[in-house]
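Notes to accompany the following structure.
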Protein chains: 2
Amino acid sequence: MSELTGTASVSRLRRELARGTVELVVLSILNTGRCYGYELLKLVEQAGAGRLEVKEGTLYPLLHRLEDTGQITASWEAVGRTRPRKYYAITAGGRGHLQMLRTEWTDLVNGMQQLLHTLDDARLTDPPAEEAP
Amino acid sequence: MSELTGTASVSRLRRELARGTVELVVLSILNTGRCYGYELLKLVEQAGAGRLEVKEGTLYPLLHRLEDTGQITASWEAVGRTRPRKYYAITAGGRGHLQMLRTEWTDLVNGMQQLLHTLDDARLTDPPAEEAP
DNA sequence: ACCCGATACCTTGTCATACAAGGTATCGGG
DNA sequence: CCCGATACCTTGTATGACAAGGTATCGGGT
């Protein structure tokens, strides 16, 4: 039967929230060293401690996009193996972009924090403020 | 002329990151007290301290969606004014949903933090780990 | 011998959402 | 008299996450 009971991997809502996050995650990992697609899948799972998830259908297109925009470079390697791997490495441009993404991420997080905080001590003490007729 | 120069409101990337956030923001505000659409627009701007932004084209459809799913209720009020306002109030269901959204938000933030942290001390000290042939 | 799961890559089609752009209507100034 | 602010709304476009499905190899199990 279809999974109605919560825990089953990331929820729809969560997925919506995660929008745009994947790029940050992938670039962050590649920033610590080159690796191939399938490896990234596993790494995110591990490093995200079950709270982050990236699907193949998301990852591969993203990698291609990042390559097209010159943020990463790809190279096939099959040396001691039959099944070749496509290794990705971050470029200088990619690092710049990552920096930007990080800033925007913390900005967003701070904005949310700020908002939730402001709400508590401003709105509650400051009623409708209906302009006098 | 079109605005090419940076600072002009939230960037495309940022917008991608903000996906799904708006719902959390709106419900959070409504949780502190009822208000009308146009007011929400201004409140987000204020409370978000310029780091958050919601556009009309985003807000109104969202409010309708939230109403349709019973998370908020609406009521027109035009008492001492000609131009009527549509006031929104959060429901019990909405509060439940908000709770969930908050959990998922902090979960995501924590996941990111965890990932970035793990990356620093795990990946860098732990080279490719190429399986021995 | 044969099938399966893991490894490894990829694609197409669907869905939801943010938003730009455009529209309606009232009021108070300049 | 027109404009900007207040206040609501809609349609169309872009994009990205993902489910589902596909290709190919290798090493077990039975």
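Every heavy atom of this structure was used, including side-chain atoms; hydrogens, water molecules and symmetry mates were not. Each chain gets a letter, A, B and so on, in the order the sequences are listed, and its residues count up from 1.
Using a 30° and 60° split on the angle between ring planes, B:Trp105 and A:Trp105 fall in the tilted class, from 30° to 60°.
One interatomic measurement links the two molecules: CH2 of B:Trp76 to C1' of D:dA7, which rounds to 8 Å at whole-angstrom precision. Put simply, CG on A:Leu62 is 11 Å from P on D:dC18, counting in whole angstrom units. Separating the CD atom of A:Glu77 from the P atom of C:dA8 is a distance of 13 Å, rounded to the nearest angstrom. In this structure, the CG atom of B:Leu41 is 10 Å from the C1' atom of D:dA7, given to the nearest Å. At whole-Å resolution of the value, NZ in B:Lys86 and P in C:dT24 are 19 Å apart. The distance between atom OH of B:Tyr60 and atom C1' of C:dG23, rounded to the nearest whole Å, is 13 Å. If you take CG of B:Asp68 and P of C:dT17, they are 12 Å apart, rounded to a whole angstrom. For the pair A:Leu43 CG and C:dA8 P, the computed distance is 12 Å after rounding to whole Å.
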So B:Leu52 and B:Glu45, side-chain contact (heavy atoms from CB on, under 4.5 Å) or not? Walk me through it. CA-CA 6 Å; B:Leu52 257 31; B:Glu45 215 170 321; over 6 Å; no
Quick one, B:Glu67 with B:Thr73, criterion side-chain contact (heavy atoms from CB on, under 4.5 Å). Give me CA distance, side-chain angles, the key distance, then yes/no. CA-CA 6 Å; B:Glu67 197 189 351; B:Thr73 54; 5.8 Å; no
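At the phosphate of C:dT17, OP1 or OP2 sits under 4.0 Å from a side-chain N or O atom of B:Arg65. Considering only side-chain N and O atoms, B:Tyr36 lies under 4.0 angstrom from the phosphate OP1 or OP2 of D:dA7.
The base of D:dC18 has none of its N or O atoms less than 3.5 Å from a complementary donor or acceptor on the side chain of A:Glu56.
In this structure, CD on A:Glu39 lies 9.5 Å from CD on A:Gln46, to the nearest 0.5 angstrom. Atom CG of A:Leu101 and atom CD of A:Glu23 lie 5.5 Å apart (nearest 0.5 Å). A:Leu66 contributes atom CG, which lies 7.0 Å from atom NE2 of A:His97 (distance to the nearest 0.5 angstrom).
Looking at A:Glu77 and A:Arg34, a side-chain N of the basic residue comes within less than 4.0 Å of a carboxylate O on the acidic one, giving a salt bridge. Between A:Arg102 and A:Glu104 no salt bridge is recorded (no basic side-chain N to carboxylate O distance below 4.0 Å).
Between the two ends of the helix from C:dA1-D:dT30 to C:dG30-D:dC1, each summarised by a five-pair axis, the helix axis turns through 10° (rounded to 10 degrees).
Proximity note for B:Tyr38 (side chain, C-beta onward) versus D:dC9, C:dC9, D:dA5: the nearest is D:dA5. Candidate nucleotides D:dC9, C:dT7, C:dC10 were compared by shortest atom distance to the side chain of A:Tyr88, and C:dC10 ranks first. Picking from D:dT6, D:dA17, C:dA6 the nucleotide with the shortest atom distance to the side chain of A:Thr58 gives D:dA17. Nearest to the side-chain atoms of A:Arg85 among the listed nucleotides C:dC9, D:dC8, C:dC10 stands C:dC9. Nearest to the side-chain atoms of B:Lys55 among the listed nucleotides D:dA7, C:dC10, C:dC19 stands C:dC19. Side-chain proximity of B:Pro61 to D:dT10, C:dA8, D:dC8: nearest is D:dT10. In the set C:dA8, D:dC9, D:dC18, the nucleotide with an atom closest to the side chain of B:His64 is D:dC9.
Pairs passing the ring pair (Phe, Tyr, Trp, His ring centres under 6.0 Å) check and including a residue from residues 50-71 of chain A, sequence neighbours excluded, do not occur.
Each of A:Ile72, A:Leu43, A:Thr21, A:Leu59 was checked for a side chain to side chain contact (heavy atoms under 4.5 Å, CB included) with A:Val26, and the lone residue meeting it is A:Leu59.
A:Val22 comes within 4.0 angstrom of sugar-phosphate atoms only, judged by non-hydrogen atoms across all strands, and of no base.
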At under 4.0 Å between heavy atoms, how does the protein contact nucleotides 25-30 of chain C? Give one character per nucleotide, 5' to 3', with B, S or -. BSS---
